[in-house]
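Next up is a structure, given as structure tokens.
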Amino acid sequence: MYDYNLCPQYDILCIDLKSFFASVSCRLKGLDPETTKLAVVGDTKSMGSVVLAATPELKKLGIKTGSRLFEIPARSDIFIINPSMKIYLDYSMRITEIALKYVAPEDFHQYSIDEFFMDVTHSYHLFAASPRELARKIKTEIYEETLIECAVGIGDNLLLSKVALDIEAKHMPDGIAEWRYENVVEKMWHIKPLSKFWGINKKSEKKLNQRGIFNIGDLANYPHAYLKRDFGIIGVDWHLHANGIDFSKISEKHKVHSPSIAKSQILMRDYKFSETYVVLFEHVDEVTHRMRLMHQLAKTIQFSVGTKDGHIYRKQFTIKEGTNSEDVIMKRLWQELKKIADPYALYRTISVTLTNFIPDSQKQVSLFQDVDKMLKEEALMKTIDALKVKYGQLSVMRAISCTEASTLKLREGLIAGHKR
DNA sequence: TCTGGGGTCCTAGGACCC
DNA sequence: TCTGGGGTCCTAGGACCC
């Protein structure tokens with residue numbers, strides 16, 4: 001058994017913005033997220049598009065995140081909306097600013113666009129009598145400023161706050177739940193199925209079930225040596241988590257160990273191998289563009305194409321000096337892919353990821369490179385990047401994107417960024 | 001079963017160097 | 001010629017999160 005006296009005892013808040021995309025989209029239309037049936041979908045024009053967010057009233061009809069557009073009944077009281085990412089980001093940033101009135105930046109961690117952690121151990125007493133009272137205060141302030149509801153989990157560590165949020169706070173009338181070490185047995189051990197618990201998905205759930213582990217209590221009481229043997233570090237973490245223990249600190253969450261930039265896509269129809277070239281090039285263009293805005297060079301490039309029957313051809317390669325050139329990457333990528341992929345198969349998925357970054361100030365020029373040519377290419381890339389930032393991704397595109405294989409959406413009346 | 005997309009981390013094996 | 005340890009980097013594959 002573990003001794004909780006030796007475990008860190010913080011006051012952590014984990015805050016989740018309720019049905020965030022759907023709520024913001026309601027507010028933009030002057031609708032009340034609590035009573036409106038609204039779904040935000042990837043693309044309202046495509047029936048197979050997935051639901052990114054749904055209001056609680058729509059969820060009651062069985063529609064949830066991940067549902068398909070065609071599953072939503074055609075009814076006049078249901079709104080179906082395209083996402084407005086810029087506006088969601090703006091809301092998210094305004095809410096972050098509110099949170100930062102109550103903690104120092106190093107005690108704040110943005111987990112995702114609609115979820116964040118705050119370590120209020122040292123600051124709550126400046127604003128409230130208890131962490132719970134501060135949670136109420138922040139919750140109210142977020143609502144007053146943005147008309148967005150949120151739920152708050154409070155715990156002795158990050159894991160407890162997160163699980164309190166997911167399992168309890170989201171279902172409480174006041175949207176707040178507080179779990180401390182002494183509540184672990186009563187609040188956590190009955191959780192079932194295992195995949196409801198943070199860090200355990202269906203696949204692992206199945207493997208654990210095979211060992212007779214069905215709820216979190218079973219996991220907490222299972223000999224941890226066996227978990228370690230069979231699942232490695234993750235197994236050890238599960239055992240600690242099932243006992244409510246988590247040693248991570250918010251201040252450590254700030255360092256991202258291996259950042260990456262990815263673009264992946266499920267294609268709308270079967271693609272012949274030769275056609276994947278166009279889409280891969282578009283993906284490479286986009287990820288390199290994003291990377292250049294971050295002033296980075298990638299050393300490692302990972303890519304994959306998947307066939308309709310689920311076979312994935314994937315590979316990664318490393319360029320020692322690092323690069324931000326789409327031509328360099330695409331040339332090598334295609335060369336490698338031709339070696340491994342089936343030229344006669346039909347493809348449905350594509351992905352390109354850049355990782356292993358170094359700052360672009362470290363760019364090395366080889367003695368044999370044509371410096372003039374290189375500078376010209378760089379100037380061109382910069383111009384194109386600036387155009388894309390100003391006029392959007394579609395303002396500049398390759399000639400191959402005018403082929404039928406392209407997945408970029410051509411906008412009517414817009415040619416090379418100029419309105420007619 | 002399936003037509004989402006972006007991101008992080010872990011493991012294991014191999015190559016290479018000291 | 002055989003043996004061995006430790007460290008770093010690379011690649012392939014897998015899992016999970018929002």
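All values derive from a computational prediction rather than experimental measurement. Protein chains get the first letters and strands the later ones, always in sequence-line order, with residue 1 at the start of each.
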Discussion item. Under 4.0 Å, counting only non-hydrogen atoms across every strand here, what does A:Gln302 touch: a base, just sugar-phosphate, or nothing?
Written reply: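 Nothing, no heavy atom under 4.0 Å.
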Fill in: Nucleotide of B:dG7, C:dC18, C:dG14 approaching A:Ala262 most closely (side-chain heavy atoms)
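For the A:Ala262 side chain, the nearest candidate turns out to be B:dG7.
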Worksheet item: Out of C:dC17, B:dC10, B:dG6, which nucleotide sits closest to the side chain of A:Ile234?
Response: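 The answer is B:dC10.
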Worksheet item: For the pair made of CZ in A:Phe117 and P in C:dC18, what is the distance, rounded to whole Å?
Response: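 Value for this atom pair: 9 Å.
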Worksheet item: OP1 or OP2 of B:dG5 less than 4.0 angstrom from a side-chain nitrogen or oxygen of A:Ser264, does that happen here?
Response: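 So the side chain of A:Ser264 is outside the cut-off, no N or O lying under 4.0 Å from OP1 or OP2 of B:dG5.
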Item to complete: From the options B:dC10, B:dT8, C:dT11, select the nucleotide whose nearest atom is closest to the side chain of A:Pro259.
Response: B:dT8
Practice prompt. Have a look at A:Gly42 and say if it touches a base, only the backbone sugar-phosphate, or nothing, with a 4.0 Å heavy-atom cut-off.
Written response: nothing
Practice prompt. Could you check which of B:dC10, C:dC17, B:dT8 has an atom nearest any side-chain atom of A:Ser258?
Written response: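 Per side-chain heavy atoms of A:Ser258, the pick is B:dT8.
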Worksheet entry | Donor-acceptor contact present, side-chain A:Trp198 to main-chain A:Leu160, <3.5 Å |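 Not at all, since once roles are kept as given, no pair shorter than 3.5 Å links the two residues.
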Worksheet item: Taking any strand in view, what nucleotide pairs with C:dC18 in a Watson-Crick or G-U wobble way, both distances under 3.5 Å?
Response: B:dG5
Worksheet, complete the sentence: On DNA chain B, more 5' by nearest nucleotide between A:Ile261 and A:Arg348 is A:Arg348
Discussion item. Distance check, C1' atoms only: C:dG4 and B:dC17, in whole angstrom units.
Written reply: 15 Å
Item to complete: Ignoring hydrogens and angles, state whether a donor on the side chain of A:Tyr88 or A:Ser25 is under 3.5 Å from an acceptor on the partner side chain.
Response: yes
Worksheet item: Quick one: which of B:dC10, C:dG13, C:dC18 gets closest to the side chain of A:Lys162?
Response: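 Selected nucleotide (nearest to the side chain): C:dC18.
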Discussion item. So if I take every side-chain heavy atom of A:Phe317 and compare against C:dT11, C:dC10, B:dT8, which nucleotide ends up nearest?
Written reply: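 Looking only at side-chain atoms, A:Phe317 lies closest to C:dT11.
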Item to complete: With heavy atoms under 4.0 Å as the rule, sort A:Lys207 into base, sugar-phosphate or nothing.
Response: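 The answer is sugar-phosphate, as A:Lys207 gets under 4.0 Å only of primed atoms, P, OP1 or OP2.
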Discussion item. So A:Ile200, base contact, sugar-phosphate only, or nothing? Heavy-atom distance under 4.0 Å.
Written reply: sugar-phosphate
Worksheet item: Think A:Lys315 has a side-chain N or O under 4.0 angstrom from the OP1 or OP2 of C:dT11?
Response: no
Item to complete: Heavy atoms only: give me the nearest A:Tyr347-A:Leu267 pair and the separation to one decimal.
Response: O-CD1, 3.9 Å
Practice prompt. Would you please indicate yes or no on a ring centroid separation below 6.0 angstrom for A:Phe231 and A:His239?
Written response: no
Worksheet item: Choosing from B:dT3, B:dG6, C:dC18, which nucleotide comes nearest the side chain of A:Ser112?
Response: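 Of the options given, the side chain of A:Ser112 lies nearest C:dC18.
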Worksheet item: What nucleotide, of C:dC17, C:dC10, B:dG6, holds the atom closest to the side chain of A:Gln316?
Response: C:dC10
Fill in: Separation of B:dC10 C1' from A:Arg229 CZ (nearest whole Å)
19 Å
Discussion item. From C-beta outward on A:Asp166, which listed nucleotide comes closest to its side chain: C:dC10, C:dC18, B:dT3?
Written reply: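 Selected nucleotide: C:dC18.
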Fill in: Touch class at under 4.0 angstrom, heavy-atom based, for A:Arg269 against every strand present
nothing
Worksheet item: Which nucleotide, C:dC18, C:dA15, C:dA12, lies nearest any side-chain atom of A:Lys203?
Response: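 It is C:dA15.
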Practice prompt. Look at the side-chain N and O atoms of A:Asn356 and state whether any lies under 4.0 Å from the OP1 or OP2 oxygen of C:dC10.
Written response: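 True: A:Asn356 side-chain N/O within range (under 4.0 Å) of C:dC10 OP1/OP2.
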Worksheet item: Could you walk me through whether A:Tyr226 and A:Trp238 pass the ring pair (Phe, Tyr, Trp, His ring centres under 6.0 Å) check?
Response: CA-CA 12 Å; A:Tyr226 293 161; A:Trp238 284 339; over 10 Å; no
Discussion item. Check the orientation of A:Tyr277 and A:Phe281. Use parallel for under 30°, tilted for 30 to 60°, and perpendicular for over 60°.
Written reply: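 A:Tyr277 vs A:Phe281 ring planes: perpendicular.
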Worksheet item: Is any side-chain N or O of A:Lys263 closer than 4.0 Å to OP1 or OP2 of B:dG5?
Response: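 Looking at the OP1 and OP2 atoms of B:dG5, neither is under 4.0 Å from any side-chain N or O of A:Lys263.
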Practice prompt. Give A:Tyr313 one of three labels, base, sugar-phosphate or nothing, depending on what nucleic acid heavy atoms sit under 4.0 Å from its own.
Written response: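 Nothing, no heavy atom under 4.0 Å.
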Worksheet, complete the sentence: Rounded to whole Å, CD1 of A:Ile233 lies from P of C:dA15 at a distance of 16 Å
Item to complete: Tell me whether the OP1 or OP2 atom of C:dT11 has a side-chain N or O from A:Thr318 closer than 4.0 Å.
Response: yes
Item to complete: Please state whether the rings of A:His241 and A:Phe197 are parallel, tilted or perpendicular, taking 30° and 60° as the class boundaries.
Response: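 It falls in the tilted class, 30° to 60°.
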Worksheet item: How close or far is atom P of B:dG6 from atom CE of A:Met291, stated in whole angstroms?
Response: 16 Å
Worksheet item: Does the side chain of A:Arg290 get closer than 4.0 angstrom to OP1 or OP2 of B:dG7 through an N or O atom?
Response: yes
